[in-house]
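Quick caveat: nothing in here was measured; it's all calculated off a predicted structure. The basis for the numbers below is simple: all heavy atoms, side chains too, and nothing from hydrogens, waters or symmetry mates.
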Amino acid sequence: MVQASICTIGDEILIGQIVDTNSSHIASALESIGVKVSRMISFGDDRSEIISSLTAELQRNSIVIVTGGLGPTKDDITKAALAELSGSSGYVENSGQLEIIRKILHSRGLDILDTNKAQAMVPDRCEVILNRLGTAPVMVFRFDKERFGHECTLYSLPGVPFEASGALPDVIDDIRHHNSLSDIYHKSMMVYGIAESALAKRIEAWEDSLPSEMHLAYLPDPLTGVRLRLSVYGGEKSDEETRIRKEFDKLYPILGDAIYADYDTTLPEVIGDMLRNTGFTVSAAESCTGGTISQLLTSVPGASEYYLGSVTSYANSVKENVLGVNPDTIQKYGAVSSECVAEMAEGVRKITGSTFSVATSGIAGPGGGSEEKPVGLVWVGISSPQGTRTVSFRYSNDRKRNIERFASSALNELRKEIQKFINN
């Protein structure tokens, strides 16, 4: 199995001034061709640190991909560090990159300066992959077994995400050409409604029985639940796909309807597919979630086929005057109650004429809670042609995370109701 390390260079990354998006794009591209990423690291603009860090990575990996530090300014020292690391004796001009630099600057009405020309100068021990979208070329350094104990290659890409992404296909082609690669196969199963720790306990026996070459990862997210990902490195992709599917099939009797997909997806996408395939529609009445459910539903392309609309009834007066909630219900039980969300769900379904509706009312915090109704409590109402039901959840996060969990829990209940209706 060919292993790779992805390194980002720049003080601006370490101080949080910019977000490193290059590493995720590079990792995804490497995974697609069967290269396993062993590490992702960042280090600052220090020549000795760059050399020592890259030396360590080259000793561990067959491929090292570096982004950043290749600009026209004097503080970009990566090229000099790479020249020293590779044992280069000087620099040579790459005519192909120089011509690209000239065309880019002329298209902007600018003259080419010495600092721009310097970007076409590369260490004499490197190969060049042209950067057609920018001024700094991709530099490729190949090392034999004597240097690091095994053959390895270092690719130095520009840090600008647009340019790094543009050069990546050529880098991937070069990796393919110079390495014997095997498949990596991943498959995901999406689970909602079981906390990660409880999920791990429930499937412990199943996990312990997995073949040694299969690796399980738990990937939790407040909006999508827990993504269980099984990976196999090496082997034939078609064979591993069949083997993983058989292992995942064993989870259905254990987890039941907590499983909402056997592929990488989201609750809004699954709900969208269910509604689109049946011709059913949905609407929402939101209080504590403040439109989050509607935003999630409409984030799916084609949502206009099944999503009819919503009422964000934050105030009790809107619950009463628009949704038709009985004032006596709120007076007797409060807005955060089973009774209230049931009437909210029925009201918005009547207004819009939707097949299904979902309603929420809760206390996101940080204030507003009581002993009887604490912060983090939410009531969810689901209305359908089969009737209306309600369920409550309790979370203990900050306001933003509570709202996310309120919304995703409501969507999961909507998903289960639609599935039950379809099955009947």
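No side-chain heavy atom of I175 sits less than 4.5 Å from a side-chain heavy atom of V2. Between S392 and K373, the closest side-chain pair of non-hydrogen atoms is not below 4.5 Å. You'll find the side chain of I129 reaches within 4.5 Å of the side chain of V140, heavy atoms only. You'll find the side chain of Q3 stays beyond 4.5 Å of the side chain of R39, heavy atoms only. Put simply, the side chain of V375 reaches to within 4.5 Å of the side chain of N402, judged on heavy atoms. Side-chain contact check for E343 versus L323: every heavy-atom pair is 4.5 Å or farther apart. Between L228 and F248 the shortest side-chain heavy-atom distance falls below 4.5 Å. Looking at S408 and L296, their side chains never come closer than 4.5 Å, going by heavy atoms from C-beta outward.
Between the OG atom in S28 and the NE2 atom in H25 there is a gap of 8.0 Å [rounded to 0.5 Å].
Defined by atom type and a distance below 3.5 Å, a donor-acceptor pair is present between the side-chain atoms of T265 and E269. With hydrogens and angles left out, the side-chain atoms of Y333 and S338 include no donor and acceptor closer than 3.5 Å. Side-chain atoms of S354 and Y306 include no donor-acceptor pair closer than 3.5 Å. Using modelled atom types and a 3.5 Å distance limit, the side chains of S283 and Y307 yield no donor-acceptor pair. Under the 3.5 Å distance criterion, with hydrogens and angles disregarded, a donor-acceptor pair is assigned to the side chains of E286 and S294. No donor-acceptor contact under 3.5 angstrom links the side chains of E339 and T329, judged on distance only.
Salt bridge R245/E241: present, at least one basic N to carboxylate O contact under 4.0 Å. Between R227 and D221 no salt bridge is recorded (no basic side-chain N to carboxylate O distance below 4.0 Å). Comment: D170 engages R132 in a salt bridge, judged by a side-chain N to carboxylate O separation of less than 4.0 angstrom. Under the 4.0 Å criterion applied to side-chain N and carboxylate O atoms, K400 and E404 are assigned as salt-bridge partners.
Residues passing the salt bridge (charged side-chain N to carboxylate O under 4.0 Å, His left out) test with E99, sequence neighbours excluded: R102. Partners of R60 by salt bridge (charged side-chain N to carboxylate O under 4.0 Å, His left out), not counting sequence neighbours, listed by chain and number: E57.
In terms of heavy-atom proximity, K79 sits nearest to A118 at NZ-O, 3.0 Å.
The aromatic ring centres of F280 and F421 sit less than 6.0 Å apart.
Remark: Y263 OH is packed, more than 12 non-hydrogen atoms of other residues, nucleotides or ligands lying under 6.0 Å away.
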